[in-house]
Amino acid sequence: MAGIEDSKVLGEDEIHAVVKAAMDSSPVIDLHTHLFPASHGELMLWGIDALLTYHYLVSEYFQVAPASVTHEDFFKMSKVEQATLVWDELFVKRLPVSEAQIGVVTTLTALGLEHMVKAKDLVSIRKWFAEQDPEEYVEKVLKLANVQYLVMTNIPFDPTEASKWDAGCKVPATFKAALRIDPLLKGDWGTICTCLKEKNFPETLEGCKDYLRAWAKRMNVIYLMASTPADFRYGAGDVAKEAGWPTATELIDKVMVPIAEELQLPLAMKLGAWRSMAPSLDCCGGGDGLVLSDLRPLVELCRRNPKVKFLATVLSRGNQHELCVVSQKFRNLHIYGCWWYCNNPSIIDETTRIRMEMLGTAFTAQHSDARVLDQLIYKWAHARRVMTPAIALQFQLLIQAGWTVTAGEVRRDVWRLLGGSFEEFMWGPGEQGLGKGLVQ
């Protein structure tokens, strides 16, 4: 379908094929990941053992693991030993039919390892990964996933990551930085002061602002971000975590908002995580659950701070419709992706349909949330497949209503949904706006 001229008027029966071709060929902007480049050493997670010990699969392993394997024993094992147990229990003893399990198969097949997959030959798969050069492998994965660029999650409050930036580790242009500031929205003044003291900043609100300025400049960040606590409050009802500490509201109003306005940085909010729901799985990052979020703090933030742009995604399926309504009301809010537990085909399909029905193309349909580099391959392949019919349906309904739709318009708006709308919201049309990377 790439040969169809942009000016061609499409019939209803032609829409699906043109949408599919556009979805498959258009590069995406992955606006939220937890990935690092090869320059960051051990922080870059990649390869078969990282895939198999990702927290989704570890949690799924413990659903069927022998009772004799305790969480304590499992997490004392090496990654290779853990991965071998997961492979044997989820991929050998039963069909790997969950989304995360199928994702591993999709990834390995896309990498050309289908013969090893069919043989269930974990040893040979490990050998193949061991032969890969990390920097070259990054480029290979980005090409296979058709990712134009991705946005990292960068935590200055984490000493291991901070040491990489202090050492001057280079970051390629395909990796953009985002400054994660969870302690501010948690009202965690203790953690903030520890970091301020370590970097010789005053343990004051002004010192905190200087700290964020310094890190934003060093990382060259494109937005601020935070995952809100399950009991997040902003304004009425917010109280200090400890006597003498500023509240989260004070940290937002007196630190975050001024820095966001000064540096013209949006705040990306992720709402609905229940941290450490199952502490026994915290070692792999799998202990977190979800809650139905109270979106009133988001509304209040948008209303009180019209000069600040906000990005938002929610973890509960039950919040998706409400979030669309909020997005309709505030032009300084852009919603994005199907985050974490919503990153399942059935929920992606439903969410994409709701958003198109309510917001048109003024949202970003998906982000990968990948923590392991290789996951980019399956997460984007699966998302493209699922979103295609949902998007095509709205274009078909438009034609049924009597509107003329051209191939070029379909390609343009597919690009919007895969990242163009994000760039328009962030910077407006132009060098970094609509059209950059648009495939004809």
**R126 vs D49, salt bridge (Lys or Arg N to Asp or Glu O under 4.0 Å): CA-CA, chis, key distance, verdict** = CA-CA 8 Å; R126 278 202 181 106; D49 292 321; 2.8 Å; yes
**Request:** Take E300 and R233 through the salt bridge (Lys or Arg N to Asp or Glu O under 4.0 Å) test and state the conclusion after the steps.
**Result:** CA-CA 10 Å; E300 193 66 17; R233 294 289 181 272; over 6 Å; no
**Request:** Output, in order, the C-alpha distance, side-chain angles, deciding distance and verdict of side-chain hydrogen bond (donor to acceptor under 3.5 Å, both in side chains) for D288 and W340.
**Result:** CA-CA 11 Å; D288 297 339; W340 200 346; over 6 Å; no
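K76 and E81 are not joined by a salt bridge, as no carboxylate oxygen comes within less than 4.0 angstrom of a charged side-chain nitrogen. Ion pairing of D121 with K127 is absent here, as no side-chain N (NZ or NE/NH1/NH2) approaches a carboxylate O to less than 4.0 Å.
Shown here is K20, whose NZ atom has no more than 12 heavy atoms of other residues, nucleotides or ligands within 6.0 Å. The number of heavy-atom neighbours closer than 6.0 Å to CZ of R296, taken from other residues, nucleotides and ligands shown, is 12 or below. Summarising the local packing, CD of Q264 is surrounded by 12 or fewer heavy atoms from other residues, nucleotides or ligands at distances under 6.0 Å. Heavy atoms from other residues, nucleotides or ligands lying under 6.0 Å from CH2 of W274 number 12 at most. Other residues, nucleotides and ligands place more than 12 heavy atoms under 6.0 Å from the CD atom of E114. Applying the 6.0 Å contact sphere to CZ of R275 captures more than 12 heavy atoms from other residues, nucleotides or ligands.
Counting only heavy atoms from C-beta outward, the side chains of Q375 and T107 never approach each other to under 4.5 Å. Here the side chains of M44 and V138 are in contact, with some heavy-atom distance below 4.5 Å. N154 is not listed as a side-chain neighbour of V221, based on a closest heavy-atom distance of 4.5 Å or more. Between F36 and E161, the closest side-chain pair of non-hydrogen atoms falls below 4.5 Å. Within the 4.5 Å cutoff, the side chain of F330 has no heavy atoms near those of the L298 side chain.
Closest approach of T364 to R355, counting heavy atoms only: O-NH1, 3.9 Å. Nearest approach of F310 to N305, heavy atoms of both residues: CE1-O, 4.0 Å. Minimum heavy-atom separation, R180 to P156: O-CD, 3.6 Å. Nearest heavy-atom pair across L359 and C324 is CD2-O, 3.7 Å. Listed here is the closest heavy atom pair of L90 and L57: CD1-O, 3.6 Å. For the residue pair P37 and M152, the shortest heavy atom distance occurs at CD-SD, 3.8 Å.
Atom CG in L185 sits 5.5 Å away from atom CE in M269 (nearest 0.5 Å). For the atom pair CG (D158) and OG1 (T191), the distance works out to 11.5 Å, reported to the nearest 0.5 Å. Considering NE2 of H55 and CG of D282, their distance stands at 11.0 Å, rounded to 0.5 Å. Interatomic distance, OG1 of T53 versus CD of Q82, reported as 6.0 Å (0.5 Å rounding). Rounding to the nearest 0.5 Å gives a distance of 8.0 Å between CD1 of I252 and CG of L267. Here the OH-SG distance, from Y56 to C284, works out to 12.0 Å after rounding to the nearest 0.5 Å.
S421 and H334 form no side-chain donor-acceptor contact under 3.5 Å, judged by distance and modelled atom types alone. No side-chain donor-acceptor contact under 3.5 Å links T406 and R412. Using modelled atom types and a 3.5 Å distance limit, the side chains of R411 and S25 yield no donor-acceptor pair. Residues T313 and H32 bring no donor and acceptor atom of their side chains to less than 3.5 Å of each other. Side-chain atoms of R384 and Q366 include no donor-acceptor pair closer than 3.5 Å.
For the pair K309 and F425, the cation sits on the ring face: its NZ or CZ lies under 6.0 Å from the ring centre, inside 45° of the axis. Under a cutoff of 6.0 Å and an axis angle of 45°, R218 and W215 form a cation-pi pair.
The main-chain N or O of A362 is never found under 3.5 Å from a side-chain atom of R416 such that the two would form a donor-acceptor pair.
Close placement of the F62 and F74 rings is indicated, their centers lying within 6.0 Å of each other.
With sequence neighbours left out, Y234 forms a ring pair (Phe, Tyr, Trp, His ring centres under 6.0 Å) with no residue at all.
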